[in-house]
Every structure is written in structure tokens, then in C-alpha cells.
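Everything below concerns the one structure shown next.
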Amino acid sequence: MTGTMIRAICIVAGLAAGAGLQAAEPSLVPRPASDRPASGSFIVSAATPVEASAQDKAATDAAQRFLGLMQESGALPLKTGSGANAIRFVTDKKITGAEAYRLTVSPSGVTVSASHPAGLFYGAVSVWQLLTAAPGNGPVTLEARTIDDAPRFAWRGLLLDSARHFQSPAYIKQFIDWMAALKLNVFHWHLTDDEGWRLEIKHYPKLTAIGAWSVPAGQAAAADIDPATGKPRRHGGFYTQDQVREIVAYAAARHITIVPEIEMPGHATAAIAAYPELGSAPIALDGASPDWGVLFNIYNVDDKTFTFLETVLTEVMDLFPGRYIHVGGDEAVKKQWRDSPAIQARIKQLGLKNEDELQAWFVRRIEAFLTRHGRRLVGWDEILQGGIAPHATVMSWRGIDGALTAAHQGHDTILAPAPDLYFDNRQSEAPGEPPGRGKVISLESVYEFNPAPGSLSPEEQRHILGAQANLFTEHVRTEANASRMAYPRAAAFAEMVWTPTARMDWTDFSARLPAERARYARLGLQDDQPAPKADPRRLYSQELKLCAPSNNPLVLEDDAPIEGERAKFLVDIANPCWQLPQADLSAPVALTATVGQVPYNFQFGDDPVDYRPRPPHSPEGELEVRADSCDGDPIATLPLAPAAGNFATTRLTATLPARPGRHDLCFTFTSKGRDPLWAIDWITLDPAKP
Ligand code: ACM
């Protein structure tokens, strides 16, 4: 038996015993840089005082946050005090590194020391983890040890997209709490996009009056009439400046910097819907876009548009005191710039070669503005195209190539590559996973991500500030699902960006995870635990094979019912086609197929997806089943007429005729157009009744 396995068993045994006794090996996540056991132990009980000198503000702040965490997590009720045998927080200038701390447990008490407030805070988090490794709120025995800890990377970020789906301010604070418990320190807040403008801007009230609201696509939402208006209910929301100030302070108290993202020049539909004069082409929307993907709307380059953006950024800088302001820059489709005579004339006048150079000029102009105000611009890796702005930091999302280029050019960079660190991807093929992108990004794959590309020289490596995991929310409608997409993967991510490579070990992490997840439960965080299948006979779309390798697999949520649990469909939106390998057709088979329809509300910018469904044989279309191939004559045709008027899922049945042996089954739909998009929820195959 390996040492790791023994530790795992000790932890599980400790949990099961529930005696409040600490297992021998602490279950800290992220694993500290160094942990040296010593002899003896210390029992922390409700009588143990928590001590910090009143003259030492950083220490008293850390002590208070520690007590807050203990209380919020229902752990041992501790109080401030002083005396021998205490938990002490002390500023110690001898500890080097702003985020470093030393945590010693000796028979006479626990001491957290650090030279800076962040280090003291991380020490507080570690003591809290030591005291919550097992359930309950009784006394805890801590084995003596010295932990010397500091992070590997300075930028340990999570992005939450509040534009595609809005989360409440209360949820944002919880999200920040959960990040802080993992010593993550950058909350990248994606606040504006085509689908919503979420930040109150005093100068431009229509940004939120218009741009924060939309009617979701699809028949179900169109039929959901709001009695107050007699029109389809609008969804959305925004954060007032007062709420933002509170959230920023809340994050700062937890040593988390919020990096706000204000997207430009693309992903700007919500803003342009509110103020059409900002756009490069006419727009016909009275709210944010109900469509996902890469839209054509892009800001124009009039001086008035820069006045708008600079005014917005002035309010943004007033709200967010951190050094970095993210201005997007990704996926700006240039068609409207190409088609506009005024913008073409401007390109000429500026002596630029093309639209990419115009975007680079745009970003440089914004960067100069931010630099004048003492801030740093961050943008997605598209800001490298056409020449990067002088002080810009590159967030590499199209793989890590952008980071490599940026580092070669002497620019700071953050690794946030899709799909490896995109938490909108599902975590497993289990049908109980929340909706999202369809690639499987497992907990282990996040843990094993390499944040130090070997092709960079040591000097270039220094430009890698760190890494970031991104949770975009096109398909993450609920806060509960946002939590499940982010956790526990954020724990694997946190260890990857904090812990020195030599101390990382997947098996060891896995052994610490149960205690970590038990802490989440204490903090009210329901992480991802896909429910087992209610009926094992059902084969859900997530368990079927897509017919061809796909660039666009999505796990789409049904648009109905409006309230309650919705079906989820694994679907390739460029080729909706599912296969069930090796079905036994030696006797007639009763097929039940549960199908649903979702709006086809995807835009693809300059790279259109040319999906055309097979033509229907009846007005409502059909589900067709073929054997051995996806071409040729179907062996069964199931009319969609009974499903067409049902916004949620519908069960269809057919008998598949006998043919010798096993056969791959192929499922496709016929329909008049691609909207709505039909999809399989689940199927069962049973012997047909004679
Ligand atoms: C991105 O995912 N478009 C940054």
C-alpha cells in the first residue's frame, strides 16, 4: 500500500469517525509549498483564544477574517483573547514575499506570521482548513508542524461571465468567498457582452435600462407573458454602483482584486442596442441580444465613441481600484468595418493597412487613456493582431500561442486557454452534468495543466503572470449550475497555480479532496456531483456518440419548462446526429425516443456553420433511424407532429424491424429549417411485444 493510500484511508476514517479529531496529514488545498512535521500536538478548543496585537492592523484583520470563516462554516466557536496556548497572528517583516506566510503548530499554540496582509490572510485560510478537515465543531487536535508557504504565480484568476446570464450580488459575494478559501486572488468579472450590459454607468443610463434586458430566444420564452406588460417576460439585471463598491470592498477584504471587463470593439451589441449611434451599422434590437456566439455588431471609430468609452472607463476606474482593466478585444468581426465607407475612409486617413490595424489603433488609443490614469490594459490575445499596444498584458484564450507570442515580445501574459481552462465545458460524460460546452474537461485534466510552457526561456517565463480559469455562461442559466461548473475544478486549478510542481501529485490531491468538498458544504457551496441515472435503461444523448468529430459539441438545456428541471441535450449544432453502436436487432425492438426542440440562436461571425437539416416528409418533420450508416433508407421514421406543439420533451415510439446481428444505429431529424433545433434527450431499446 502506498503512503498516499494510507493517508487517504486516514482522512476517510477521520471523516467517518466524525470525532472532530484531525487526521495525521493535513488536507490543505492548495497544498503548501513546504510542510515539516514536528513533535507533539496542540488541541484547539472553544477556550483557545485568537490573538492579534491591536497595533498590528494586518494581524487583527487576518484574525477577524479567520474568526469569520470559522463562524460562516459552522466550525469550532472561537473568540479573540490572549494568553498562552493561543492562535496568534503576527506581522513579521523577516518573512519575504507579499503573499508568503509561516504557520507553526507547536504544543504551545498556533502562530501565523507574514510580512504583508495577504500572507497573513492566506495563513488564516490555512489554519481554518486545518480546523475544518473533519466534520463537526468540536475540539481539534493539530499535529505540530511548520508550514512555509507562498504561491507559484501572482495571477490566480477565475472569470465569471455575468453578461450572458446575470447572477445576483449575493451570489457574487459567495463566489468571492469560495475563491478566497482557495487563495485565488483575481476575480475577472465579465460585465458586458452582446447579451447584456451589467454595470450601472451614471452617464449612460440606457446601457442598463435597455442593454441589461432581453427576452430569451425560443418558443417557450415567447409564450411566457409578463402580466405587468402583456409582453414576453424580459430577463436580465445589472449591478448598481453601490452594489459594485460593496462587492469590491468585500473582495479586497479577502485579498481578491476584481478585474472588470468592458468588451470592445466587438461583443458590443447590448451597448449599441442602447445607443445605436455607437455602432458601425444599423441595429434592430430593443434590448440585448438573445443570440449566442460571435455577432457582427462592432463599435464605430468616431471620436464620440471614444468619448463614450472613456467616460465609461472613468466610471469603471472609479469603481474598481485595481491596476488592471480588461477591455476584451476578442472575436471582433470586421464585416461592418469593411462595409462602411466612413470607416474605410478613416482607415485611409489614419494611414492604416486594414481592419486589424484599425483594431490595434483602437486598442492603443484606449490603452493610452488607461495609462494616463495609472492603469494597465489587459485584453484577449486578439490584441496582438495588427501590433500590440506598448504596455498591454495579453490573456491567451485561443490556446497558449498568444501567451508565447506576448512573452517573446516582452509583454506580460496570463494563460487562460480554451478548452483546457474553460469551465463552461462539462466535467464528465455523465448525463447529470450541467449544460455547457460538450468537450470533457475533467478535474484531473485541470490539475495536470502545465502553466509553464517549456518553449519559453527563463526570461520569457517571467512574463507569465499566472493562469486563469474562465466560466462563460451562455449555457449556465442558474447560479446552482455556475457553482457546479466552477467547483470542484477550481480546487484543482488553485493547486496548479499555487503549489510548486515538485509538490503536486494528483493522487495526493484526490485524497485531500473529500475533506475539501466537505468544507464546501459548510460554506453553502454545492459543487458538482452528478446524480445517478433515475432509470439505468435510458441512454441519454450524453452517452450516445456524435456522428462525426465535432468542433461545436454543446450540452444545451431545453428552453422549457420555464420553472423546474429542464432536459439537456448533447448536440453538435453543425451536425445534429447521434449514434448508438452495436444495437442487437436480431429480434424486433421497441424504440422509445424522447426528443426536444431548442432555438437555433447561434451566430458565427465570419465563419458561418452551414448546417441544413434533411428535408421533412411532413410539415412538422421526423426523427429518422438508420442502421449501419447515416445514409440510405431509414429503418424507422417517427413523426414529430406530437412533439411540435410541446415546448418541453416528448416521447415518441416505433418498432425497429428485426435483422440479423448487431448494428450501429444513427439518429437524425428532418425539418423545414434549422430553427428550432431538434435533439435527442434519451432513448430506450426493449424487446418488441409480439
Ligand atoms: C473568449 O472566450 N472569447 C475570450
Side-chain angles (χ1 to χ4, degrees), residues 155 157-165 186-198 259-271 288-289 291-299 324-334 356 359 362-363 366 377-385 388 392-406 413-426 435-439 441 446 449 465-476 482 485-486 489 493 551-554 573 601-607 609:
W155 187 298
L158 271 190
L159 174 150
L160 180 64
D161 172 5
S162 298
R164 271 52 174 270
H165 280 105
V186 177
F187 176 57
H188 176 163
W189 203 1
H190 190 75
L191 282 166
T192 75
D193 214 302
D194 299 301
E195 293 81 5
W197 184 287
R198 304 293 176 213
V259 175
E261 182 181 355
I262 305 296
E263 276 267 22
M264 62 189 80
H267 284 292
T269 302
S289 169
D291 288 354
W292 314 126
V294 180
L295 278 61
F296 287 104
N297 298 311
I298 185 167
Y299 287 121
Y324 292 95
I325 304 287
H326 202 300
V327 299
D330 58 318
E331 299 177 318
V333 189
K334 309 296 189 317
D356 277 351
Q359 174 164 342
F362 190 118
V363 173
I366 293 294
L377 177 146
V378 197
W380 300 109
D381 54 64
E382 285 92 333
I383 66 168
L384 286 157
Q385 290 163 7
I388 186 172
T393 297
V394 174
M395 191 170 272
S396 188
W397 75 277
R398 295 175 301 172
I400 63 163
D401 289 354
L404 302 182
T405 306
T413 183
I414 298 127
L415 301 172
D420 314 59
L421 297 182
Y422 266 49
F423 284 0
D424 51 347
N425 284 286
R426 62 184 169 151
R437 290 184 183 276
K439 190 161 168 68
I441 297 296
V446 173
F449 178 77
L465 301 183
Q468 184 171 292
N470 294 338
L471 178 48
F472 286 102
T473 60
E474 286 92 332
H475 310 296
V476 186
M485 296 304 265
R489 286 186 293 196
F493 172 79
N551 289 327
N552 298 299
L554 296 173
I573 60 171
N601 58 329
F602 309 101
Q603 296 196 33
F604 304 98
D606 277 337
D607 302 305
V609 166

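When a ligand or atom number is given, it counts from 1 through the structure's own listing order. When a residue number appears, it is its place in the shown sequence, counting from 1.
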> Which atoms from ligand 1 have a heavy atom of E331 less than 4.0 Å away?
Replying inline: 3 (N)
> Does any N or O in the side chain of D381 come within less than 3.5 Å of the main-chain N or O of W397, such that one atom is a donor and the other an acceptor?
Replying inline: yes
>> Below 30° counts as parallel, above 60° as perpendicular, anything between as tilted: where do the rings of F493 and F423 land?
In response: perpendicular
> In ligand 1, which numbered atoms sit nearer than 4.0 Å to a non-hydrogen atom of Y422?
Replying inline: 1 (C), 2 (O), 4 (C)
> Has ligand 1 got any nitrogen or oxygen that is less than 3.5 angstrom from a nitrogen or oxygen of H267?
Replying inline: no
> Is there any N or O on D330 that sits under 3.5 Å from an N or O of ligand 1?
Replying inline: yes
>> Closer than 3.5 angstrom, by distance alone: can the side chain of D291 be matched with the main-chain N or O of F602 as a donor-acceptor pair?
In response: no
> Would you call the rings of H326 and W380 parallel, tilted or perpendicular, where under 30° means parallel and over 60° means perpendicular?
Replying inline: tilted
